[in-house]
Amino acid sequence: MENQNFYIIWDSSSSAAYGGALGVYNSYELALKAMQSYVSKGGVEYLHCYLVELNSPVSDWEQVIGYSEGNSQEDSEGEWSL
């Protein structure tokens, strides 16, 4: 059986006290599109997208996309790391 990889979007905003998965996707493009949708709706401070191999421990997850909300009025766009 070949390795099965997927992408998990994780919300670690203050409104998600312990964080939480928002979705699981089978491609980078779909995960990025979903993250952009969550951000455009508002209320998201920090989002992370991890590349995960099936049955791997959390310590092996690799962050491939990150988003953090802007810290000031001048930086209202937020910051993406791809």
Side-chain angles (χ1 to χ4, degrees):
M1 184 173 158
E2 67 182 67
N3 291 344
Q4 294 180 334
N5 294 322
F6 53 94
Y7 298 85
I8 293 178
I9 296 177
W10 192 268
D11 182 359
S12 59
S13 301
S14 61
S15 59
Y18 298 103
L22 296 177
V24 178
Y25 302 88
N26 62 1
S27 77
Y28 178 91
E29 292 79 13
L30 289 173
L32 179 57
K33 185 180 252 187
M35 286 183 73
Q36 291 168 331
S37 176
Y38 283 117
V39 168
S40 70
K41 291 177 185 173
V44 174
E45 297 168 285
Y46 303 102
L47 280 181
H48 311 279
C49 180
Y50 296 96
L51 174 60
V52 178
E53 185 177 323
L54 187 63
N55 296 323
S56 66
V58 171
S59 60
D60 289 350
W61 292 11
E62 176 187 353
Q63 182 173 330
V64 293
I65 308 171
Y67 172 81
S68 62
E69 184 178 63
N71 294 328
S72 67
Q73 294 290 22
E74 299 87 38
D75 188 24
S76 62
E77 292 296 311
E79 182 176 322
W80 288 90
S81 60
L82 306 172

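Heavy-atom basis, side chains included; hydrogens, waters and symmetry copies ignored.
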Could you check whether any side-chain heavy atom of S37 comes within less than 4.5 Å of a side-chain heavy atom of K41, counting everything from C-beta outward? yes
The reported gap from CD1 in I8 to NE2 in H48 (rounded to nearest 0.5 angstrom) is 13.0 Å
About how many Å separate CG of L51 and CH2 of W61, when rounded to the nearest 0.5 Å? 11.0 Å
Take the angle between the ring planes of W80 and Y67 and call it parallel below 30°, perpendicular above 60°, tilted in between. tilted
Is it true that a side-chain atom of Y38 and a backbone atom of I9 form a donor plus acceptor pair closer than 3.5 Å? no
Closest contact, heavy atoms only, L47 versus M35: CB-CE, 3.6 Å
At their closest point, which heavy atom of E69 faces which heavy atom of V44, and how far apart are they? OE2-O, 3.7 Å
Determine the interplanar angle of the Y28 and Y7 rings, folded into 0 to 90°, and report it as parallel if under 30°, tilted if 30 to 60°, perpendicular if over 60°. perpendicular
Heavy-atom closest pair, residues W10 and Y50: CB-CE1, 3.9 Å
